[in-house]
Every structure is written in C-alpha cells, then in structure tokens.
There are 2 protein chains.
Amino acid sequence: MKWDKLDEEPCSLSRTVAVVGDRWTLLILRESFLRVRRFEAFQSSLQITRHLLSERLKKLVRFGILRRVPYSEAPKRYEYILTQKGLDLYPIIMAMVHWGDTHMGDERGRPLLHEHKTCGKQFDPVMVCSECGEPLHAKQVHVHAGPGQRELAG
Amino acid sequence: MKWDKLDEEPCSLSRTVAVVGDRWTLLILRESFLRVRRFEAFQSSLQITRHLLSERLKKLVRFGILRRVPYSEAPKRYEYILTQKGLDLYPIIMAMVHWGDTHMGDERGRPLLHEHKTCGKQFDPVMVCSECGEPLHAKQVHVHAGPGQRELAG
DNA sequence: TTTGACAGTTCTATTTTAGAACTATAGCCT
DNA sequence: AGGCTATAGTTCTAAAATAGAACTGTCAAA
C-alpha cells in the first residue's frame, strides 16, 4: 500500500486514516486539545523523538489541521494551534477516549473526567442520528453507495 | 516509545490508540462493519499483505474485538466477527467517516451514504452530551483529573 | 563571553512493513 | 488414485519507518 495516496481513496475513512491513522498523530492531537502548543511541550509530554515530532507537525500543518503561528519575532518562534478543521476532530478523539474508558479501564478508574460547561455536568459523549436524535448502533445503519463511490466494497 | 505497553498508559486515548492506532487496523474494522468476515475477503478487498493481515487479526482477537468462529469443520476454517467490544467502536469509525466526508471530500461527493433504519432517513452522526443532549464542542468542555490519573498532562 | 532556552536537523541502528513465494488441509473431478 | 482448486495461513528478504542520541542556529540574559 502506498500510504501517501491513501487520502485520495474513494473512502472517507481511508482519507481520515491518511491524516490521523498513525500512533503519534492522535497523541499529538490529544495534547493540542489539552492546550499544548509548543514544540518543546509536545516533545517532553509525549517523549516522542524530535525528528518524528517535527515531521508530524509539518504533516498536520500541511493538511490544515494545525496552524503554525509566530509568537516571537526574534528569534522567530512558532506555536501550533488547532484550526477549525482540527477542532472538528474532537468527536473522533472523544469517541476514542470514551471507548478506552469503557473497555480498556483498570481498577483505578478513569484518568480524566469531562465536564460540559454548557450544562455544568460530568458527561460521556454519545453519538446520535442527526435526523431523529436517537443513539446510533451499527446494526441499525444501512450503507449504500454515494456519488463518490468508485467500486463496491467486498 | 514501547508501543506494546501503550495499553497500560493512564490515558484512555492511549489505550485506544494501542488497539486501533495503526493504519491497517482501522481499515480492517471498516470491512468488519461492512460484514466482511473471512481472511481471503479482507485480503482481497484491502490489498493488505497476508502476513500483516494475519498479525492484525490475531491482535484484534487478543484484544477481544473480533471473535474467531469456526464455519467449517473439515478443513477447519474460521471467520472473524465483531464482539460487543468491537461493535462499540462504531462511534469512532463513524466520527472518522464523517470528518472525512466534511473535510477530505472531492468534487465527486460522498463515497457512502448512511441510512438510519430506525427513522428511515439519511443521516450524519452527531456527538452530543449524555447529560443535556447538546452537540459537543471542544471549547465547551473542561477536563479534570479522574481517579485513574497518575500525573498531570503538560 | 558564556550560558541557556527553543526549535528544529542530521545521523545510524533497530524495527516494521511490503511483496512474493511457500505450506497445509480437504473437497471435488476424472 | 492422482491432480486441481479453495481457504487460511506462514516464511523469507528487501525496503521503509522509527528510535535514540547528538548536533545546529538564533537570540536573550547574566
């Protein structure tokens, strides 16, 4: 598989995997959502090698998920801030956190709790249907080809 | 980073990444949700190498996401079916598909459309707060340490 | 003028993945 | 019986990605 062309596949999952489908990228994004913005901060909190961090940040900027914003003129220094496209990854991150909470927990309980400022309560993320508002389950969903389909899956 | 210990990190995202955080695993799961079950079917629809497919399937079985179920006694043959733990990954997959639809689309339109059997309509997945039902946005969420936290993130 | 902070880049050894061929079991056909 | 086919893997080597550590360049502060 030529991973550098995965973002051109006629499959929205593949295209998303092309961007966030490696181990470090998701962890970097987690840090971004926790307000980490600077190279050194990412590096020390993740223990990622500097080389790979540099590469991943470039890739995220290239895909328009992070913006490289100067915060010091001399010496020129930059920080990495989520764009709207990046902020829109939030449901993915939250879905993963919730699955981890549910299925990969240990006896110590959840590492993080989430509070919804809007209602003031501690919550879990729930995925619902945009039309009827009911929670979604795989078996209640029927898939059919859209206009961008090239071939039918197996 | 020792990726084989990522599932013991005090972070639910890391634990989830330990399971689904590589490029092939998510594509394999997509096929599973599309009802693909057999080795040959995964292999031919994904063009993954047989070696890696074998490894990934084993890993998914080990983590309890797929079950290896015999469908022929002689010769012994097995197929791979999502467990409840696996089915619970659906929101992650759907969140990724939706992000891809929104941000990585091309002029041809969506590759797949989703119909909610319950209400009969074509829908998008929306992530909402379990407590108030409002759609979630990163900036409206406050994070604080839970009982399983070991150290504060940067 | 030296030290330290920050944001990277460069280098080599190790690990992972790709790509192809090979193995094993059993049914089916002649 | 002998050979062909289907399915589900395993094994092998070359190529690519990652880890780990050291190095570079810029500027501020002491």
Side-chain angles (χ1 to χ4, degrees), chain A residues 1-7 9 14 17-29 31-32 35-63 66-81 154, chain B residues 1-7 9 14 17-29 31-32 35-63 66-81 154:
Chain A
M1 161 87 58
K2 342 79 207 143
W3 293 113
D4 50 335
K5 282 178 190 160
L6 193 59
D7 58 327
E9 289 278 301
S14 297
V17 168
V19 183
V20 302
D22 73 286
R23 297 178 281 207
W24 282 121
T25 299
L26 281 163
L27 299 177
I28 290 170
L29 288 168
E31 297 300 305
S32 289
R35 274 82 174 170
V36 171
R37 303 176 157 199
R38 300 191 182 173
F39 192 94
E40 296 295 320
F42 284 110
Q43 202 278 320
S44 71
S45 86
L46 292 172
Q47 296 297 99
I48 183 177
T49 63
R50 307 177 73 77
H51 178 64
L52 224 23
L53 176 58
S54 171
E55 272 213 345
R56 290 294 184 272
L57 290 173
K58 269 182 207 151
K59 178 180 166 186
L60 288 167
V61 169
R62 184 156 35 82
F63 276 115
L66 296 177
R67 220 165 356 123
R68 191 158 175 269
V69 180
Y71 72 90
S72 149
E73 282 307 318
K76 268 278 190 192
R77 297 207 188 296
Y78 300 89
E79 54 189 8
Y80 297 88
I81 300 187
Chain B
M1 160 89 59
K2 341 79 204 142
W3 293 113
D4 51 334
K5 282 178 190 161
L6 193 60
D7 58 326
E9 288 279 299
S14 297
V17 168
V19 181
V20 302
D22 74 286
R23 298 178 281 207
W24 282 121
T25 299
L26 281 163
L27 298 177
I28 289 171
L29 288 168
E31 297 301 304
S32 288
R35 274 81 174 171
V36 171
R37 301 177 158 200
R38 297 189 184 174
F39 191 93
E40 295 296 319
F42 284 110
Q43 202 279 321
S44 71
S45 86
L46 292 173
Q47 297 296 99
I48 183 178
T49 63
R50 307 177 73 76
H51 179 64
L52 225 22
L53 175 58
S54 171
E55 272 213 345
R56 290 293 184 273
L57 290 173
K58 268 182 206 152
K59 179 179 165 185
L60 288 167
V61 169
R62 184 154 36 82
F63 275 115
L66 296 176
R67 220 165 357 122
R68 192 162 173 266
V69 180
Y71 73 89
S72 150
E73 282 306 319
K76 267 280 189 191
R77 297 209 188 295
Y78 300 89
E79 55 189 7
Y80 296 87
I81 301 186

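Order of the sequence lines sets the chain letters (A, B, ...), proteins ahead of strands, with each chain counted from 1. Only this structure's heavy atoms are used, side chains among them; waters, hydrogens and symmetry mates stay out.
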Under 4.0 Å, heavy atoms only, any strand: does [X] hit a base, just the sugar-phosphate, or nothing?
X	result
A/Lys2	nothing
A/Phe42	nothing
A/Arg23	nothing

Do NZ/NE/NH1/NH2 and the carboxylate oxygens of A/Arg50 and A/Glu40 come within less than 4.0 Å?
yes

[X] side chain N/O closer than 4.0 Å to the phosphate oxygens (OP1, OP2) of [N]?
X	N	result
B/Tyr78	C/dT25	no
A/Tyr80	C/dC6	no
A/Trp3	D/dA15	no
A/Thr49	D/dG20	no
B/Lys58	D/dT10	yes

In this structure, how many angstroms lie between the [atom2] atom of [N] and the [atom1] atom of [X], rounded?
X	N	atom1	atom2	value
A/Phe39	C/dG8	CZ	P	6 Å
B/Glu55	D/dT10	CD	C1'	11 Å
A/Leu57	C/dT9	CG	C1'	14 Å
A/Asp4	D/dA16	CG	P	11 Å
B/Trp24	C/dT17	CH2	C1'	10 Å
A/Ile48	D/dA21	CD1	P	15 Å
A/Glu40	C/dG8	CD	P	9 Å
A/Lys5	D/dA16	NZ	C1'	16 Å

Please determine whether the number of non-hydrogen atoms from other residues, nucleotides or ligands lying under 6.0 Å from atom NZ of A/Lys5 exceeds 12.
no

Distance from [X] atom [atom1] to [Y] atom [atom2], nearest 0.5 Å?
X	Y	atom1	atom2	result
A/Asp22	A/Leu52	CG	CG	8.0 Å
B/Ser32	B/Leu57	OG	CG	8.0 Å
A/Glu31	A/Leu46	CD	CG	4.5 Å
B/Tyr78	B/Phe39	OH	CZ	14.5 Å

For A/Glu79, run the side-chain contact (heavy atoms from CB on, under 4.5 Å) check against A/Arg38, A/Arg67, A/Arg68 and tell me which one passes.
A/Arg38

Can you tell me if A/Gln43 uses its side chain to pair, donor with acceptor, with the backbone of A/Ile48 under 3.5 Å?
yes

B/S/- contact track for nucleotides 24-30 of chain D, protein heavy atom under 4.0 Å:
--BSS--

Please determine, for the side chain of B/His51, which listed nucleotide (C/dC6, D/dT11, C/dA18) has the closest atom?
D/dT11

Closest listed nucleotide, where the reference is the side chain of B/Leu52 and the choices are D/dG9, C/dT17, D/dT18:
C/dT17

Under-3.5 Å donor-acceptor pair between B/Arg50 side chain and D/dA8 base:
yes

